[in-house]
Number of protein chains: 2
Amino acid sequence: MTPTFYCIQFGMDHPVQDAAPTADEDRKTAVIALGGNALVQKGVKFASFEAQRRVVEETARQIAALMEQGWRLAITHGNGPQVGNLLLMSRVAHEAQREIPEIPLDAANAHTQGSLGYLIAQAIGNALRANGNHKQVASLVTQVVVDRADPAFRNPTKFVGPAYEIETANALSIRMGWRMKEDRGRGWRRVVASPKPLEIVELPVIKKLIAADVSVVTVGGGGIPVIKEGDKLKGVAAVIDKDRASSLLATDLGVKLLAILTPVEHVFADFGKPTQRALRELKVGETRRMLAEGQFPQGSMGPKIEAAIRFLSNGGSQVLITDPANLIKGIKGEAGTRLVS
Amino acid sequence: MTPTFYCIQFGMDHPVQDAAPTADEDRKTAVIALGGNALVQKGVKFASFEAQRRVVEETARQIAALMEQGWRLAITHGNGPQVGNLLLMSRVAHEAQREIPEIPLDAANAHTQGSLGYLIAQAIGNALRANGNHKQVASLVTQVVVDRADPAFRNPTKFVGPAYEIETANALSIRMGWRMKEDRGRGWRRVVASPKPLEIVELPVIKKLIAADVSVVTVGGGGIPVIKEGDKLKGVAAVIDKDRASSLLATDLGVKLLAILTPVEHVFADFGKPTQRALRELKVGETRRMLAEGQFPQGSMGPKIEAAIRFLSNGGSQVLITDPANLIKGIKGEAGTRLVS
């Protein structure tokens, strides 16, 4: 039983509530990608679990409201600050007490999938129950296959974990075999590969959950990176870009909407210049051209725009980029930046 | 669509392979509870992730073989050593660098559900694929409701995390509000409540997965303990007994088999005495009497026997207690201890 997903066409002239009713709700299916700001307050270096809980509650209310409208969702999330803090904690503890083993990177991602998956699913469940709704949401531990031959393994670029003085960085490089690079203004940090996601291992399970009207938190932190050794899967020290994995998930599920939540309501052209302007609707060709012009820097909007282009090029029809507070308005076409094929 | 679960009656005279075929495989449904020894080598204090991976592989092969026979499984697991090490790591890191916040107990459980769920699901998936089988298994982050008024909160008994000298223990008790007790021969340790599990929050999702022929790793470490505050769920500092939660899950799923894996093949009577004997089959009444006589100590077989009695008293028909290597033989009635109603 392979479910088929459809999606409403939305926009100013075709708002959600005007969509013709159908026999089932399969068509209202979306992938919602939560950025770090949906989980950690801006500028807070070490957010406690309680603080993250408070931040996630606002986003959870928006997601619950979508589910109440009949949307079935796959919810993905970043884990940058959390996995960084876990790796730092692991290192500091190991330095203080050598017998405590360090957490390998694949396991660290799995740890954060457990804790953030719990946090997000509980917050959405609470928001649903507060409105007397008993729709279900659950978090699935998710592995994503990457290729050992991916060129990213030869040129690791993704900073993970704490920053060190150059002397410590050198020592770590020798002792742990880590690649270290300078993170401007912070110090020397470990860099790991950020390979291309190829296959979501639990995809058939995600499909079954969504078909059974269970929204699912999945592909957390881009997914636990694994490589194939024959028939065997094996964890690998890498970090998969969360937006890239979300785009793959959206394509594989055949949803027509990918919503990427960011700290800002809109994507901007000429960001930070006197000519800065909010973009409300972008065609994929135009978006590709602006990306090539350097309009969307790698450190912020770049990966989201690339994920959007990839989804639209692979048959997707709509991407919404906006902040959590404008998610519902954005789907109605009243806020955010809409990218179309 | 609420699935109904049946189960074969098995034993020497009704082996699994003789069961009459049915339209679907729903009847071969079981809860398998993995003890700590299925994940960590005996006597190893700080098992690395790699070491745990090697240990879990043997158990995973047995579980995969069961799935290949058409069994649909809910797989639960303990997390004692892992959550203890995580709490220790968190504490050591916090002592060394005060800005690193400590991981609260509910989040620590969630962390281990992520990492152990990954480890177990990957190992089972690898064992399945090694035999060319494409059955699915996935790990679900699972919350379990407990009652804030449970008497266990007034009398915490469950040791968690590292042992301290009495002076440090006193200081922690004052600073953190922790209850500390002496763990004979180890030192002073934090004790937390071990309340009764009342409700598995994700139960409807687990049912849907099993109905869709997906085996599911769930209720890890007894589940993330949460209390209800009106409609809201909220994490709480407690540890739910893994065997007790597994028994609740088996009852709620309506499976007829609960298999509890231990380090030993059999339950023994008069354990450690000259009259020691392996028990092959036990009626629930007899088991209750032996438990009352103190035959099954709290530190080892006691909680498993109590979980077995509870499951059988609530309509379950079969419990198997054995070691991972004898799981398949035990189900055929050729190994282990079988408890029946």
Side-chain angles (χ1 to χ4, degrees), chain A residues 1 45-50 85-86 88-97 99-101 103-104 106-119 121-122 125-126 129-130 132 136 138-143 201-202 204-205 208-209 211-212 214 217 220 224 226 231-235, chain B residues 1 45-50 85-86 88-97 99-101 103-104 106-119 121-122 125-126 129-130 132 136 138-143 201-202 204-205 208-209 211-212 214 217 220 224 226 231-235:
Chain A
M1 180 189 62
K45 194 176 167 197
F46 292 104
S48 72
F49 204 70
E50 264 315 297
N85 286 350
L86 187 65
L88 173 64
M89 172 187 294
S90 168
R91 168 118 290 261
V92 168
H94 179 73
E95 291 289 346
Q97 219 169 299
E99 58 179 352
I100 302 177
I103 302 179
D106 60 328
N109 181 304
H111 272 275
T112 64
Q113 282 195 9
S115 56
L116 296 175
Y118 158 53
L119 200 69
Q122 186 183 70
N126 282 343
R129 282 183 295 271
Q136 288 146 10
S139 291
L140 200 68
V141 179
T142 315
Q143 306 169 77
V201 177
E202 286 78 10
V205 181
K208 284 177 173 180
L209 284 171
V214 178
V217 180
I224 304 164
V226 296
D231 280 329
K232 252 181 129 169
L233 299 180
K234 204 185 155 194
Chain B
M1 178 189 62
K45 196 176 167 197
F46 292 103
S48 73
F49 204 70
E50 263 314 298
N85 287 350
L86 187 65
L88 173 64
M89 171 187 294
S90 168
R91 168 117 289 260
V92 168
H94 178 72
E95 291 290 346
Q97 218 170 300
E99 59 179 350
I100 302 177
I103 302 179
D106 59 328
N109 180 304
H111 273 274
T112 64
Q113 282 194 11
S115 56
L116 295 175
Y118 159 52
L119 199 68
Q122 185 183 69
N126 282 344
R129 282 184 295 270
Q136 288 146 9
S139 292
L140 201 68
V141 179
T142 315
Q143 306 170 76
V201 176
E202 286 78 10
V205 182
K208 284 177 173 180
L209 284 171
V214 178
V217 180
I224 304 165
V226 296
D231 280 328
K232 253 182 129 169
L233 299 180
K234 203 186 156 196

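Note: hydrogens, waters and symmetry copies are ignored here, and every other heavy atom, side chains too, is used. A, B, ... follow the sequence lines: proteins, then strands. Residue 1 opens every chain.
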Could you tell me which portion of [X] (side chain, backbone, both or neither) has an atom closer than 4.5 angstrom to a non-hydrogen atom of chain A?
X: B/L209; value: side chain
X: B/N109; value: neither
X: B/E99; value: both
X: B/V226; value: side chain
X: B/I224; value: side chain
X: B/L86; value: side chain

Closest-packed option against chain A by number of heavy-atom pairs under 4.5 Å, given [options]:
options: B/G117, B/A96, B/A138; result: B/A138
options: B/A108, B/G235, B/G125; result: B/G235
options: B/T112, B/V201, B/D106; result: B/D106
options: B/H94, B/Q97, B/Q122, B/E95; result: B/Q122
options: B/S48, B/S90, B/A130; result: B/S90
options: B/A107, B/G220, B/A121; result: B/A107

TODO: Kindly give the heavy-atom pair with the smallest separation between B/L140 and B/Q113, and that separation in Å.
DONE: O-OE1, 3.9 Å

- [ ] Compare every heavy atom of A/S139 with every heavy atom of A/V217, then report the nearest pair and how far apart it is.
- [x] CB-OG, 3.3 Å

Kindly indicate whether the side chain of [X], heavy atoms from C-beta on, has any atom under 4.5 Å from the side chain of [Y].
X: A/F49; Y: A/S115; result: yes
X: B/I100; Y: A/N85; result: no
X: B/I103; Y: A/M89; result: yes

Open item on the list: Determine whether a donor-acceptor pair (N or O, by modelled atom type, separation under 3.5 Å) exists between the side chain of A/E202 and the backbone of A/Q143.
Closed with: yes

Open item on the list: Donor-acceptor pair, distance only, cut-off 3.5 Å: does the side chain of A/K232 make one with the backbone of B/N126?
Closed with: no

Open item on the list: Is A/Q136 in contact with chain B via its backbone, its side chain, both, or neither, using a 4.5 Å heavy-atom distance?
Closed with: side chain

- [ ] Begin from the C-alpha positions of B/R129 and A/L233 and carry the test side chain to side chain contact (heavy atoms under 4.5 Å, CB included) through to its verdict.
- [x] CA-CA 10 Å; B/R129 282 184 295 270; A/L233 299 180; 3.3 Å; yes

